[in-house]
Amino acid sequence: MRAQAGALLLGLALVACCGGPAAGQVTAIRAGRLVDPETGTIAANQVILVDNGRFTAVGANVSVPRGARVVDLSNLVVLPGLVDAHNHLALTYKEVPEHNVYYLTYVLDGTPLRAIQAVSNGIQMLNAGFTVVRDMGNAGDYADAALRRAIEQGWVPGPTIINSGIIIGGMGGQFWPTPEMAMQKNIVYPEYLDADTPDEIVKAVRQNALFGARVIKICVDCKPWGYTVDEIRLFINEAARAGLKVEGHVQTVDGARRAIEAGIWSIAHDRGLTDEMHQGMAAKGIFRAGTETPILLTGHTTPERYQRTVAGLRNAYERGVPLTFSTDADYWVPGRTRGEVAIEFIETWKAAGVPPVDILRAMTVNGYRVSETENERGPIRPGLAADLIAVTDNPLERIDALRDVRFVMKDGVVFKQDGVMTPADFFHGGPVRGWNVR
Ligand SMILES: [Zn+2]
């Protein structure tokens, strides 16, 4: 009952400012067709009821309650929101002035500026249908946690953010820093947390948990020495104490072997992932966040690299590795939003011969699982948070339908309608969804 009273207050707050559904008012969505990525099926003429930000009923025989606000998507194909399992919303490197060298971006752009850009990038992702984004580090001094909280508290619209805090690596992280950078930590740092000993590993995990991480990201092999199997296990165990999983940035076969042996949650990037590694990942259920850059994003891959990426993705699919859709799209492509860059990655999946239904599963079902949201949000199912999108064509037959998202609902609030962002109901002057401690 207390929850219902709180819900009523929330409804009042929403209607007072923005003309959304009235307090206690149910929203009824008429879906011309409704896709279930899990089963790979599509159902006609469904009614979806939303009350207080959650789905309450889904089906063909669900009646629309009297007084309900009706959202007519009878000409569209409705499906669950998409997941980008690896992005960096608080990082945007670009041709001018830094020639796409992110090392320099860290010097040029401070954390507050990057946090504001992260808000913009988040809105661009939501506009493209991504309702969950795993933000995997390189966010300055916890701009990722600030972004997540700002969205959760109802200040700005954006995807649900699963953020890693600062990437943990041996001294230097992904950099080869000068002694001034590394020892005095006043240039570029805190882009990485140094952790070279067991004590430092424990402390770094706890620091990220303290400052709002929802997942831990480590550099497995950014240096030739990298982390041992035992050290990776220490990360996994310490993160588990905080309720967090561990993703490993992996760039060598040897690093992949160690991460798989340690039983890591997910592996980012495909460079170290051979057929043998894929077999190990499939056996252990380790998620692959391969960040498969499409060839059309000129300058961010090469034809040779792209061919290896396509072949690797194909191999992973054939081996039954749990695949997630991941982009690492942390750069600006002039003329495109961050969301448009991210959706472009379906080209690599098509080139790898992955059927549309399994591309869609990577973008939804497996995305929720790797994000650990599947019991809270993702599927269009009574009891879960009301996130959904709509497109004009059936993505089970034509995955490119996802390039034209016409409608987006997040937590039961309409963000985009008829192809146009209508985000007014997302802006609040205070924490309307409750103040939260990081
Ligand atoms: Zn990345």
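Just follow the structure's listing: the first ligand is 1, and inside any ligand the first atom is 1. For reference, positions follow the sequence shown, starting with 1.
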Is a side-chain donor-acceptor pair under 3.5 Å present for N163 with R134? no

Opening angle at the Zn ion (ligand 1) [OD1, D328; NE2, H86; to 10 degrees]: 100°

Just wondering, is there an N, O or S atom on D330 that's nearer than 2.8 Å to the Zn ion (ligand 1)? no

Determine the interplanar angle of the Y331 and Y93 rings, folded into 0 to 90°, and report it as parallel if under 30°, tilted if 30 to 60°, perpendicular if over 60°. tilted

May I ask you to check whether F175 and Y106 place their ring centers less than 6.0 Å from one another? yes

Distance alone, cut at 3.5 Å: any donor-acceptor contact between the side chains of H88 and D135? no

Report yes or no: do T337 and Q124 form a side-chain donor-acceptor pair below 3.5 Å? no

Is the distance from the Zn ion (ligand 1) to the nearest N/O/S atom of H249 under 2.8 Å? no

Just wondering, is there an N, O or S atom on H269 that's nearer than 2.8 Å to the Zn ion (ligand 1)? no

Between the Zn ion (ligand 1) and H88, which N, O or S atom of the residue is the nearest one? NE2

